[in-house]
There are 4 protein chains.
Amino acid sequence: MMSKMGLDMQTIFGQALDNRGLSRKQQAVLNASLVLFAEQGYDGTSTADIAHKAGVSEGTIFKRFRTKEGLLQAILEPFLNQVIPQAAGEFVSDLADKRFPHFKDLLAYGIRDRIDFVTANRPEMKIFIQEIGKNPILLVQMTNMLADALRESFNDVFKVYQDKGELVQWESMRIMRYVTSVLIGYMIPNVIMDDMPVDKEHVTQEAVEFLLLGLTPRA
Amino acid sequence: MMSKMGLDMQTIFGQALDNRGLSRKQQAVLNASLVLFAEQGYDGTSTADIAHKAGVSEGTIFKRFRTKEGLLQAILEPFLNQVIPQAAGEFVSDLADKRFPHFKDLLAYGIRDRIDFVTANRPEMKIFIQEIGKNPILLVQMTNMLADALRESFNDVFKVYQDKGELVQWESMRIMRYVTSVLIGYMIPNVIMDDMPVDKEHVTQEAVEFLLLGLTPRA
Amino acid sequence: MMSKMGLDMQTIFGQALDNRGLSRKQQAVLNASLVLFAEQGYDGTSTADIAHKAGVSEGTIFKRFRTKEGLLQAILEPFLNQVIPQAAGEFVSDLADKRFPHFKDLLAYGIRDRIDFVTANRPEMKIFIQEIGKNPILLVQMTNMLADALRESFNDVFKVYQDKGELVQWESMRIMRYVTSVLIGYMIPNVIMDDMPVDKEHVTQEAVEFLLLGLTPRA
Amino acid sequence: MMSKMGLDMQTIFGQALDNRGLSRKQQAVLNASLVLFAEQGYDGTSTADIAHKAGVSEGTIFKRFRTKEGLLQAILEPFLNQVIPQAAGEFVSDLADKRFPHFKDLLAYGIRDRIDFVTANRPEMKIFIQEIGKNPILLVQMTNMLADALRESFNDVFKVYQDKGELVQWESMRIMRYVTSVLIGYMIPNVIMDDMPVDKEHVTQEAVEFLLLGLTPRA
DNA sequence: GATGAATGAGCGTTCATTCAT
DNA sequence: GATGAATGAACGCTCATTCAT
């Protein structure tokens, strides 16, 4: 299901591809690209590398994906078509549905959830981060889209706790900025380093402790 | 206004280069590389691009810097081994010298100062960020270096306010993590986008408000 | 006339190449390299020259041969490891099979045969000579290889005539040294100069006359 | 003193240089070139290598020698201006002066002498051999010059022994060819390999034994 | 006379892309 | 649809040569 954000990736990437309908070989190409782009970077990976790892000929890559850039898009497009709905619509409605008794509970749940999300999408994250360096517009577009899509939903979610006096009366995007910043601060080394595991409970506990302090109004 | 720490990167960087006896043309090569690597990435910049922008022949680049990689190192090495440690050391001793009456004052001063630092070193920052994607060890090295260099100093600085009951009793690196994360959250778009200015006072005021809340012990 | 030893280098060389599955274009690359390396030397020949002469793109060279050095090896390796040992082995067993009545006959036959061999492999010879100047170990390796392979065979062949009193009682390699030296003395200008023909019968007659004198025991 | 052969090197090399009158730095350049060209070949040696080994600037090389090719000429020209006179005029008149009682004595003396000569000029020899591969005309020119210059002198020297019945009645250049070929056969590995010493007495004894046999008329 | 920074043409090599099979 | 040989433009880099000091 498409998120209600109506996030049209065509807008970002032009000819987005429907990855469903890919043959097994084409899937192998996509998997090989994902791993190699994440490991060695987009520029550091040759189409010959990809073809070899995927066990196909070089021609096969271009038959389907037209250009090397098209391969990158085929990787990032579904990532952005799921990341954004999930990080946005599903995530926030999930939070709303849960009707946590206290903001603290919501925070802990949300942080654990996002740690899982990042962990599950590490290669795509890494590729995305590297691409942002070269194409910064990606970052702004995604940020703006997220902001537009989530502001109202988070307004609603947060209002409950703000009314209870459990959450500062800042606008929801400012609150999200701090939560996100702290989370990123903990996760960046884990995303960038392939072999650095994350202690989910420890991170969650520390982050919640700090954020709760910073986001709870003083008496 | 530049921070009074004397954090003038032009000065530090310039001296480092003078020490190497770089000629005007080689300086031009370094400047062109700095701009182009930041704008288009290392891989996206050809040595012909650099030579053209610097107004020199391609041979001139290799005469002094041996390889394209050597050019990157000539940019990052002084940044990592001289600029950052020096700036960090000066920063923390500066904070200690100032003997701010309250943690709030220290926080505001420090944040403004680091915004200036980032602003003054935007191209190097951007190149560094991009390189981290390919060579994650850089990140670990820098983090460890800074942690080793600053832990004790910050322990001392923070202890004053912790004793006064103005600062939570966390270890200094944890406190720094949150300050840094929040600051990075505000500055990343500014570093990555060439043309996105930062509203220093607004960012300082917001960040201080949140961090003060999150780092002040509850009654 | 080609020697009946079947010393058809085209055949041997060609098979070696076929075994590698070289396409027609790659064959053209090898042929062009052979001619150009012999004419202008390895260093004096650019890969662009080779590509142009072979009627292929420069990329084609590197697809199969990896490096320019690889091209040289693809020429010399079969020459050294297949052509020369095979030719040497066939040569000596051929000499043994013929059971010439007198050493004089053997000498004349062998000299004519080796003149044919050198004539048929002039380009490879020339390249090999030039490479020896840079990489002298090649010479030692080949000399040792030939010595090991041929000593005993020549011992047997020569013994017949030594027992008859037609050949001095020196060890076979010393005898070979003189035959080879004289032959080389006659052939070197022919190998080095592209357009200098050799008068096979005249050389044979002169060389046989001298060698016979020098290798026949005095009464 | 110029040899009486009147060997005008100008003819071969155009602008031959008078190496006398070279400053100490220029001599250092020449020495460095000699060693490096012999060690790594002409193409394998850069002018930067030479300048560094000679302890001068690159400009100095070109001030005096115009081009890298000019350096090669400055090395080979005196070699050819001494080698040829010495190998020719002085050598042959020396042989004549000695008035050896038997051809055998002349042969032994001459071979020892040429071994010494080759040993003393190994680097130049090696460079010359390498250059012949690229510029075969050098070989023909030198061979013809030697032949023209020496034929009559050797005719005279050899006639003494031919009249005594100690030497075959071949023309002197044919006799020289065999002596030279055998000597070259023994010396080539020594010239090409830097570290391969030559057993002068052993070589002399073996070579004389064979050549005497081959060049003495049968009863 | 000597320097060495600078040059720029040319090199070997890579690689995304095409296309005949 | 898949192949992989072939392409050719572009790359990083070398090096003989020049020239202002």
Side-chain angles (χ1 to χ4, degrees), chain A residues 22-26 29 42-52 54-71, chain B residues 21-26 28-29 43-51 54-71, chain C residues 21-26 28-29 43-51 54-71, chain D residues 22-26 29 42-52 54-71:
Chain A
L22 289 185
S23 73
R24 192 171 298 158
K25 296 224 173 199
Q26 289 151 357
V29 168
Y42 175 79
D43 291 304
T45 302
S46 71
T47 52
D49 287 344
I50 295 168
H52 180 252
V56 304
S57 76
E58 270 188 84
T60 303
I61 296 173
F62 290 91
K63 199 74 171 190
R64 177 76 193 193
F65 300 102
R66 307 292 302 164
T67 65
K68 190 188 177 190
E69 175 73 18
L71 251 183
Chain B
L22 289 187
S23 71
R24 192 171 299 156
K25 296 227 173 197
Q26 288 149 0
V29 168
D43 291 305
T45 303
S46 73
T47 52
D49 288 343
I50 295 168
V56 304
S57 80
E58 237 176 306
T60 301
I61 296 174
F62 293 94
K63 196 78 172 198
R64 173 68 55 157
F65 299 103
R66 308 292 299 162
T67 63
K68 190 188 175 190
E69 173 75 18
L71 206 38
Chain C
L22 290 187
S23 71
R24 192 171 301 157
K25 297 228 174 196
Q26 288 150 0
V29 168
D43 291 304
T45 303
S46 73
T47 52
D49 287 344
I50 295 168
V56 304
S57 80
E58 229 170 322
T60 300
I61 296 173
F62 292 92
K63 198 76 173 199
R64 172 68 55 160
F65 300 103
R66 309 291 298 162
T67 64
K68 190 188 175 191
E69 173 75 18
L71 206 37
Chain D
L22 288 186
S23 73
R24 194 171 298 159
K25 297 223 171 199
Q26 290 150 357
V29 168
Y42 175 79
D43 290 305
T45 302
S46 71
T47 52
D49 286 344
I50 295 167
H52 180 252
V56 304
S57 75
E58 271 189 83
T60 301
I61 296 174
F62 290 90
K63 199 73 171 194
R64 177 75 194 198
F65 300 102
R66 307 291 300 162
T67 65
K68 190 188 176 189
E69 175 74 17
L71 251 182

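In this text the structure is predicted, and so the values were computed from the model without any measurement. Each chain gets a letter, A, B and so on, in the order the sequences are listed, and its residues count up from 1.
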Colleague: Take the protein atom CZ of A/Arg24 and the nucleotide atom P of F/dG1, then report the distance between them rounded to whole Å.
Modeller: 17 Å

Colleague: Taking CZ from A/Arg66 and C1' from E/dC19, how many angstroms apart are they, rounded to a whole number?
Modeller: 13 Å

Colleague: How many angstroms lie between atom CG of A/Asp49 and atom CD of A/Glu58, to the nearest 0.5 angstrom?
Modeller: 9.0 Å

Colleague: If every non-hydrogen atom of B/Thr47 is compared with every non-hydrogen atom of B/Phe62, which pair is closest and at what distance?
Modeller: CG2-CZ, 3.6 Å

Colleague: Who is the Watson-Crick or G-U wobble partner of E/dG8, with both distances under 3.5 Å?
Modeller: F/dC15

Colleague: For F/dA9, which nucleotide is its Watson-Crick or G-U wobble mate, given both distances must be under 3.5 Å?
Modeller: E/dT14

Colleague: Closest heavy-atom contact between A/Ile50 and A/Val29?
Modeller: CG2-O, 3.9 Å

Colleague: Answer yes or no: does a side-chain N or O of C/Lys25 lie under 4.0 Å from OP1 or OP2 of F/dT7?
Modeller: yes

Colleague: With a cut-off of less than 4.0 Å, is there a side-chain N or O of B/Ser57 near OP1 or OP2 of E/dG8?
Modeller: no

Colleague: At 4.0 Å (heavy atoms only), tell me whether C/Thr47 reaches a base, stays on the sugar-phosphate, or touches nothing.
Modeller: base

Colleague: Between D/Glu69 (CD) and F/dT17 (P), how many Å, whole number?
Modeller: 9 Å

Colleague: Figure out the CZ/P separation between B/Arg64 and E/dA5, and round it to whole Å.
Modeller: 6 Å

Colleague: So what does A/Thr60 touch, heavy atoms closer than 4.0 Å: a base, only the sugar-phosphate, or nothing?
Modeller: base

Colleague: B/Ala51 and B/Ser57: which non-hydrogen atoms are nearest, and at how many Å?
Modeller: CB-C, 3.9 Å

Colleague: Using a 4.0 Å heavy-atom cut-off, does C/Lys68 contact any base of the nucleic acid, only the sugar-phosphate backbone, or nothing at all?
Modeller: sugar-phosphate

Colleague: How long is the line joining CZ of B/Phe65 and C1' of F/dT14, in whole Å?
Modeller: 17 Å

Colleague: Atom CD1 of C/Ile61 and atom P of E/dT13: how far apart are they, to the nearest Å?
Modeller: 10 Å

Colleague: When we call it a touch if two heavy atoms are under 4.0 Å apart, what does C/Gln26 touch: a base, just sugar-phosphate, or nothing?
Modeller: sugar-phosphate

Colleague: Would you check if the side chain of A/Lys68 reaches a backbone N or O of A/Tyr42 as a donor-acceptor pair within less than 3.5 Å?
Modeller: yes

Colleague: Checking base pairs now: Watson-Crick or wobble, both atom distances under 3.5 Å. What partners F/dT21?
Modeller: E/dA2

Colleague: Taking 4.0 Å as the cut-off, does a side-chain nitrogen or oxygen of C/Ser23 come that near to OP1 or OP2 on F/dA6?
Modeller: yes

Colleague: When you match B/Asp49 and C/Val56 each to their closest nucleotide on DNA chain F, which lands nearer the 5' end?
Modeller: C/Val56

Colleague: Rounding to a whole Å, what distance do you find between B/Glu58:CD and F/dC15:P?
Modeller: 15 Å

Colleague: Once you round it to whole Å, what is the distance between C1' of E/dG4 and NZ of B/Lys63?
Modeller: 7 Å

